[in-house]
Peer 1: 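Can you keep this structure in mind? I'll have questions shortly.
If you're wondering where the values come from, they're calculated on a predicted model, not measured in any experiment.
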Amino acid sequence: MRQSVKNLCLITHEVRLIESLRGLYSARFSKTGEIIAAGFGNGSIQIRNGETGELEGTLKSGLESSMPIMCCRFNPIYSEIFYASSACGIIFMCNTYTEEFSKFTFEPKNEVNAIDVSITGDYLVSCGKDAAVRLYNTQTAQLILTYKKKDVFTESKAANFHRMRIFAARFHKEYPDLIITGGWDQTVRIWDIRVPNGSIRIIKGPHICGDAIDMHKTCILTGSWIVRDSLQIWDLMSAKLIDTINPYNRPSTLNGEFLYAVQYFNGDPHGDLVLAGGSGIGGVEIISLREKKVMGSFDAIKPIFTIDSYQTAIIFGGIESVIKLGDYNFSN
């Protein structure tokens, strides 16, 4: 236990899950924080209470043989709508008011690991196993653009595309034409949807294996599934490394860091505090980028796949059959 930070981090609710759900793969607060969209390892999609985590509705039931729901994202404009992507290749559109779901689109032979919706609500981006970045119109579900390496490309042209599985995708909140993606090929790529012939900038190094990219203004936060030096800040405009964050007070561990999920903390408007979780650090950490210090932490027994925050509330989960909600009170 990390006794020195226990007073700042408080678990407010802990909801045990049935084993057949096979773990929590994605959890996302709605725009108001009142609802949580949750996706599970057996393919289930649920609506849960944003304060307590208790079940409010099951939109899609899963089976033991179903593929995991890898990512959930709310539409910023139509707040009752969220999308959920599956490792079976389907992206579902879900309605929290009617508690109905439908197939938004299907990508044959793909596993859709990551989706995001533009700040305008007009576009949805998807990424996954086939290393393609696809852009859809949210109103029509029409495929607008695909960024994908073709076998006939020369080596120079192929360098503009991902080569391996993609696990993270984010629209920029202030530059709605920009998308940032990352995956197994040790690159994070910046795309401009006005430029159809490939990525406009490349960050080399991060090994992204989960929802481990976020942005604050012109800074890109990445979390790599590696032993050390996993948390890094990059410049959006130059694609250059700004800093590698190794908290000086993190307890030494033989397990390494191995991050699956990182995020700027919603409760901190200054972009200093970030959340990090994975399979090495033993839970979820709240880290100050400026001080390079773990400011608080929540312990977990098994790997963490998903983190989200709304104001000072934090939800997280993973392999363990539990949803945990906590609060980080950094004002004290």
Peer 1: Take atom CD in E51; do more than 12 heavy atoms of anything else shown fall under 6.0 Å from it?
Peer 2: no

Peer 1: Identify, with sequence neighbours excluded, every residue that meets side-chain hydrogen bond (donor to acceptor under 3.5 Å, both in side chains) alongside E14.
Peer 2: none

Peer 1: Taking side chain to side chain contact (heavy atoms under 4.5 Å, CB included) as the definition, give me every residue that meets it alongside D177, ordered by chain and number, with sequence neighbours left out.
Peer 2: D192, I193, R194

Peer 1: Answer yes if the ring centres of F40 and Y25 are under 6.0 angstrom apart, and no otherwise.
Peer 2: no

Peer 1: Determine whether Y328 and T312 make a side-chain contact, defined as any pair of heavy atoms from C-beta on separated by less than 4.5 Å.
Peer 2: no

Peer 1: State, yes or no, whether a side-chain contact exists between I281 and L259 at a heavy-atom distance under 4.5 Å.
Peer 2: yes

Peer 1: Would you say the side chain of I91 lies within less than 4.5 Å of the side chain of I115, judging by non-hydrogen atoms?
Peer 2: yes

Peer 1: Within a radius of less than 6.0 Å around NZ of K129, do more than 12 heavy atoms belonging to other residues, nucleotides or ligands occur?
Peer 2: no

Peer 1: Side-chain heavy atoms nearer than 4.5 Å, only ILVMFWY residues, links allowed to pass through others: does that put M215 and W191 together?
Peer 2: no

Peer 1: What I want to check is whether the side chains of D214 and Q263 have a donor and an acceptor closer together than 3.5 Å.
Peer 2: no

Peer 1: Are side-chain heavy atoms of R134 and L145 found at a separation under 4.5 Å?
Peer 2: no

Peer 1: Apply side-chain contact (heavy atoms from CB on, under 4.5 Å) to the pair H207 and C209, showing each step before the final yes or no.
Peer 2: CA-CA 6 Å; H207 183 60; C209 294; 3.5 Å; yes

Peer 1: Any non-hydrogen side-chain atom of W234 less than 4.5 Å from a side-chain atom of V188?
Peer 2: no

Peer 1: Do the side chains of V227 and F258 get nearer than 4.5 Å, heavy atoms only?
Peer 2: yes

Peer 1: Would one find more than 12 heavy atoms of other residues, nucleotides or ligands at under 6.0 Å from atom CZ of F106?
Peer 2: yes

Peer 1: With a 3.5 Å cut-off and no angle check, do the side chains of T244 and Q232 form a donor-acceptor pair?
Peer 2: yes

Peer 1: Between F298 and F316, is the ring-ring contact (aromatic ring centres under 6.0 Å, His included) condition met? List the steps.
Peer 2: CA-CA 9 Å; F298 299 98; F316 62 95; 5.5 Å; yes

Peer 1: Decide whether S297 and E285 meet the rule of one side-chain donor and one side-chain acceptor closer than 3.5 Å.
Peer 2: no

Peer 1: With a 4.5 Å heavy-atom cut-off, do F161 and T187 have their side chains touching?
Peer 2: no

Peer 1: Between Y136 and Y123, is the gap from one ring center to the other below 6.0 Å?
Peer 2: no

Peer 1: Between D235 and R201, is there a side-chain N and carboxylate O pair less than 4.0 Å apart?
Peer 2: no

Peer 1: Do M93 and S102 have side-chain heavy atoms sitting under 4.5 Å apart?
Peer 2: yes

